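Inspection log for the structure reproduced underneath, given as structure tokens.
Convention: sequence-line order gives letters A, B, ...; per-chain numbering from 1. Below, each value reflects all heavy atoms present in this structure, side chains not excepted, and no hydrogens, waters or symmetry copies. Note that the structure is predicted; figures quoted are calculated from it, not measured.
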Protein chains: 2
Amino acid sequence: MPAARTKSQLIQESMQSLRRIVKALEDYSRDVEQQFGLTGPQLWALWELGHEGPLSLKDLAARMHLESSTVVGVVDRLVAKGLIVRNPDPLDRRKVSLAPTPKGDQILAAAPPPAQGHLLQGLESMHRKRVESLHESLQTLEQVLGARKLKAPFFFAKE
Amino acid sequence: MPAARTKSQLIQESMQSLRRIVKALEDYSRDVEQQFGLTGPQLWALWELGHEGPLSLKDLAARMHLESSTVVGVVDRLVAKGLIVRNPDPLDRRKVSLAPTPKGDQILAAAPPPAQGHLLQGLESMHRKRVESLHESLQTLEQVLGARKLKAPFFFAKE
DNA sequence: TGCCTATTATTGGTATTGGAATTAAAAATG
DNA sequence: CATTTTTAATTCCAATACCAATAATAGGCA
């Protein structure tokens, strides 16, 4: 039986866990890239377009919680690979309508779920009680971070 | 009072929480950069050098869980800003010994803790019971991810 | 000692990410 | 209807981040 941990130890270990979890997700994306030829963001974007129908670039960016300027590059590479197409929106000529090509659909049918899917499968395999507990913990953590974000004006001087 | 959630809902929300937490940490780094002139990785590297004494580039990279080639760039920028110096190692001429300059130490004394510090403060403010629960949940999550990582050879065909 | 291997730092190339500025088009306002 | 404002997509720039390849040095072994 492991010795009792101090609060400080628990915190340190939790931090490391969080880092490892984030890194595990990144590594998973890299593995997919190695073996599948699509980077994590590319697969993710293709996934969104395949499952949520045609989307404008802005909507796609919103779904991925990324900036438009970031997604432009991802879309460029998917277009270059012939997996999606940019169609003009007949109703609003500022917009582009992004959709998978047949080839993109084909890839999507065979591809693993995007990074999040990995985690998803892990969570599915957990007992409900555990998921409940995790959920509550994450919410707490988020509240703490959120609260800090609002009320922590930087206390240090600028040069 | 909110309606009871299904397991699936709990999972979805947990995923989103995780993403938001990661994003909050990234945003914090960006805030520090805006107001302090050092990016997250730069502050982190300076912090490690300031607290762990002179380190070789490899050791610094190991501490940050980054590749050496990534850290070279971060070190370049810190050197360019005059916050650290590269000294030759008298015992092994392959190595460089990285250490803060007086100016680097000065910045470090006034700077907020690196990104992780933000989270750290949040955790410190939580009750021990909550931290215990979070710790346990994260460990479980990590186990699930780790297990999957090992036994999930990619099941999809390569083109 | 001299050759072979391993280690250290670096460079080069590609991808991701956000912010700032630009262009084009739609919407709102007078 | 003309002007202004807002919105959508894009381009450009800097910083991460990885991998692969290289140069220089150290260490091991015949």
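To the nearest 0.5 Å, atom CD of residue E132(B) and atom CZ of residue R128(B) are 4.0 Å apart. The line from CZ of R63(B) to CD of E52(B) is 4.0 Å long, rounded to the nearest 0.5 Å. To the nearest 0.5 Å, the span separating CG on L83(A) from CD on Q106(A) amounts to 10.0 Å. One distance of note links CG of L55(A) with CD1 of I84(A); it measures 10.5 Å at 0.5 Å rounding. Taken to the nearest 0.5 Å, the CG atom of L78(A) stands 6.5 Å off from the CG atom of L38(A). Separating the OG atom in S97(A) from the CG atom in L60(A) is a distance of 11.0 Å, to the nearest 0.5 Å.
One atom, CD of Q42(B), and another, C1' of dA17(D), lie 14 Å apart when rounded to the nearest Å. Rounded to an integer number of Å, the gap from L46(A) CG to dT16(C) P is 13 Å. Protein atom CG of L38(A) is 18 Å distant from nucleotide atom P of dT14(C), rounded to whole Å. Whole-Å rounding puts the M64(A) CE to dG18(C) C1' distance at 14 Å. Counting to the nearest Å, the C1' atom of dA24(D) and the NZ atom of K58(B) are 15 Å from each other. One interatomic measurement links the two molecules: CG of L55(B) to P of dT8(C), which rounds to 13 Å at whole-angstrom precision.
Proximity of residues 83-98 of chain A to DNA chain D (heavy atom under 4.0 angstrom from any strand atom) is restricted to R86(A), R94(A), K95(A), V96(A). For the segment residues 67-79 of chain B, residues with any heavy atom less than 4.0 angstrom from an atom of DNA chain D are, sorted by number, E67(B), S69(B), T70(B), V74(B), R77(B).
Put simply, the side chain of R86(B) reaches to within 4.5 Å of the side chain of D76(B), judged on heavy atoms. Annotation: side chain of V75(B) is not in contact with side chain of V96(B) (no heavy-atom distance under 4.5 Å).
Paired with L98(A) under the rule side-chain contact (heavy atoms from CB on, under 4.5 Å), one option of V71(A), L57(A), L46(A) passes, and it is L57(A).
Comparing the end axes of the helix from dT1(C)-dA30(D) to dG30(C)-dC1(D), each fitted to five base pairs by superposing C1' atoms of four pairs onto the next four, gives an inter-axis angle of 10° (nearest 10 degrees).
Grouping the Ile, Leu, Val, Met, Phe, Trp and Tyr side chains by contacts below 4.5 angstrom, directly or via other members, places V72(A) with V74(A). In the hydrophobic clustering of ILVMFWY residues, with side-chain heavy atoms under 4.5 Å counting as a link, V85(A) and I107(A) come out apart.
Listed candidates were dA17(D), dA9(D), dG18(C). Nearest to the side chain of L57(A) is dA9(D).
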